[in-house]
Student: 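Pasting a structure here, questions to come.
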Amino acid sequence: MAKEANEVALAMVRPLDRAFFGRDPRRVARELLGKVLVRGRVGQPAHPRQNACDRLAARIVEVEAYLGEKDPASHAAAGNTARTSVLFGPPGFAYVYFIYGTHYCLNVSCGREGKGGGVLFRALEPLLGIEEMAAARGVELQSPRDLPKLTSGPGRLAQAFGITRTRDNGCDLTSVQSSLWLGDDGFRSSKIGVTPRIGITKAAERPLRYLLEGNRFVSGRLASTNAPR
DNA sequence: TTATGGATTAGCT
DNA sequence: GCTAATCCATAAA
């Protein structure tokens with residue numbers, strides 16, 4: 001498949017600032033929908049030594065809020081440990097954990113320092129670096145129907161972006177100097193859906209999963225059940 | 001020191 | 001629909 005067919009030009013992407021993440025994780029989760037996750041420099045002056053395979057970008061279409069120490073489903077419920085210390089630190093930093101012996105998952109720390117809030121990235125829509133994402137995932141792209149295999153699901157999107165704990169845990173997601181950061185390209189979100197979180201056993205009934213209604217990159221089969229608050 | 005199980009995915013029935 | 005894969009933080013001892 002031609003690379004140009006699916007890649008979208010990103011004119012300007014402005015990084016999100018610390019204050020954006022220093023709010024309630026539910027608010028941050030909702031407002032992260034439509035924003036862009038970037039690996040490398042996109043919409044910024046290209047670095048002379050940077051090659052194309054370091055430039056990845058994808059739109060956020062599904063996230064979950066984790067409310068911190070008092071949320072039993074959150075890793076922060078165990079308190080501030082070596083594993084979860086990023087969640088308890090200042091907002092806007094990457095919390096990466098390893099799960100089921102096979103997958104990494106990406107979160108961003110949210111809310112006031114010490115509270116342990118965070119947002120889990122569950123699905124993205126690829127914009128730039130699609131061939132590189134397919135290579136990282138070991139997926140052969142034969143039709144547009146294969147695209148969701150790249151970034152639809154928390155483990156998948158982490159693999160597509162080459163995210164690991166060693167490489168990315170603690171990374172500042174508000175800085176374009178970071179190899180991983182979050183930005184706004186002016187995209188306006190369509191209708192937002194809210195449903196219970198997926199794959200958890202504790203506090204599983206709480207509606208803390210946010211998604212762009214009708215977006216084909218949203219993971220799972222669970223349909224939207226609640227109107228936005 | 002050892003035991004347990006999880007914010008998942010792919011592949012097979 | 002079922003389950004293996006297979007790491008590591010945490011709890012129990």
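Here the structure is a predicted model, which is why all the values come from computation and not from measurement.
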Student: Let me know the distance between OH of A/Tyr97 and P of B/dA7, rounded to the nearest Å.
Tutor: 7 Å
Student: Given B/dA7, B/dT9, B/dA10, identify the nucleotide with an atom nearest to the side chain of A/Arg156.
Tutor: B/dA10
Student: Between A/Tyr95 and A/Arg165, what is the shortest heavy-atom contact and its length?
Tutor: CE1-NH1, 4.3 Å
Student: Check whether the aromatic ring of A/Tyr100 stacks on the base of B/dT8, taking stacking as ring centres less than 5.5 Å apart and planes within 30° of each other.
Tutor: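 Check passed, A/Tyr100 stacks on base of B/dT8.
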Student: Considering all heavy atoms of both residues, which atom of A/Val119 and which atom of A/Pro25 are nearest to each other, and what is their separation?
Tutor: CG2-O, 3.6 Å
Student: Quick one: closest heavy-atom pair of A/Arg197 and A/Ala73, and the distance?
Tutor: NH2-CB, 3.6 Å
Student: Please state how far atom NE2 in A/His103 lies from atom C1' in C/dC8, giving the value in whole angstrom units.
Tutor: 15 Å
Student: Choose from C/dA5, B/dT9, B/dG6 the nucleotide whose nearest atom is closest to any side-chain atom of A/Arg137.
Tutor: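 Selected nucleotide (nearest to the side chain): B/dT9.
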Student: For the C1' atoms, the ones on C/dT3 and on B/dG5, what distance do you get once it is rounded to whole angstrom?
Tutor: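 Their C1' atoms lie roughly 15 Å apart.
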Student: Return the value, rounded to whole Å, for the distance between atom CZ of A/Phe98 and atom C1' of B/dT8.
Tutor: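 So the CZ-C1' distance, A/Phe98 to B/dT8, works out to 11 Å.
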Student: Distance check needed: B/dT8 P versus A/Glu62 CD, whole Å only.
Tutor: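 Interatomic distance, CD of A/Glu62 to P of B/dT8: 10 Å.
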Student: Are A/Tyr66 and B/dA7 stacked, counting the six-membered base ring, centres under 5.5 Å, planes under 30°?
Tutor: yes
Student: Are A/Leu106 and A/Phe93 joined in one hydrophobic group, where the rule is that I, L, V, M, F, W and Y side chains link up if heavy atoms are under 4.5 Å apart?
Tutor: no
Student: With pairs taken as Watson-Crick or G-U wobble and both distances under 3.5 angstrom, which stems of at least three consecutive pairs involve DNA chain C?
Tutor: B:1-6 with C:7-12, B:8-12 with C:1-5
Student: Given A/Glu62, which partner from the list A/Arg156, A/Arg30, A/Arg209 fulfils the salt bridge (charged side-chain N to carboxylate O under 4.0 Å, His left out) test?
Tutor: A/Arg209
Student: As a quick check of understanding, evaluate salt bridge (Lys or Arg N to Asp or Glu O under 4.0 Å) for A/Arg18 and A/Asp172, giving each step before the final call.
Tutor: CA-CA 10 Å; A/Arg18 190 83 52 215; A/Asp172 183 358; 3.0 Å; yes
Student: With distance as the sole criterion, is a donor-acceptor pair present between the side chains of A/Ser74 and A/Glu69 under 3.5 Å?
Tutor: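 Checked: A/Ser74/A/Glu69 side chains show no N/O donor-acceptor pair below 3.5 Å.
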Student: Please confirm whether the backbone N or O of A/Thr164 pairs with a side-chain atom of A/Thr166, one donor and one acceptor, at under 3.5 Å?
Tutor: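 Side chain of A/Thr166 to backbone of A/Thr164: no pair is present.
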Student: Do A/Arg122 and A/Ser219 meet the criterion of a side-chain donor-acceptor pair at a distance under 3.5 Å?
Tutor: yes
Student: Heavy atoms from C-beta onward define the side chain here; which of C/dA5, B/dA7, C/dC7 lies closest to that of A/Thr201?
Tutor: B/dA7
Student: Tabulate atom names and distances for all N/O pairs under 3.5 angstrom spanning the protein and nucleotides 9-13 of chain C.
Tutor:
unit_1	atom_1	unit_2	atom_2	d
C/dT10	OP1	A/Thr81	OG1	2.2
C/dT10	OP2	A/Thr81	OG1	3.2

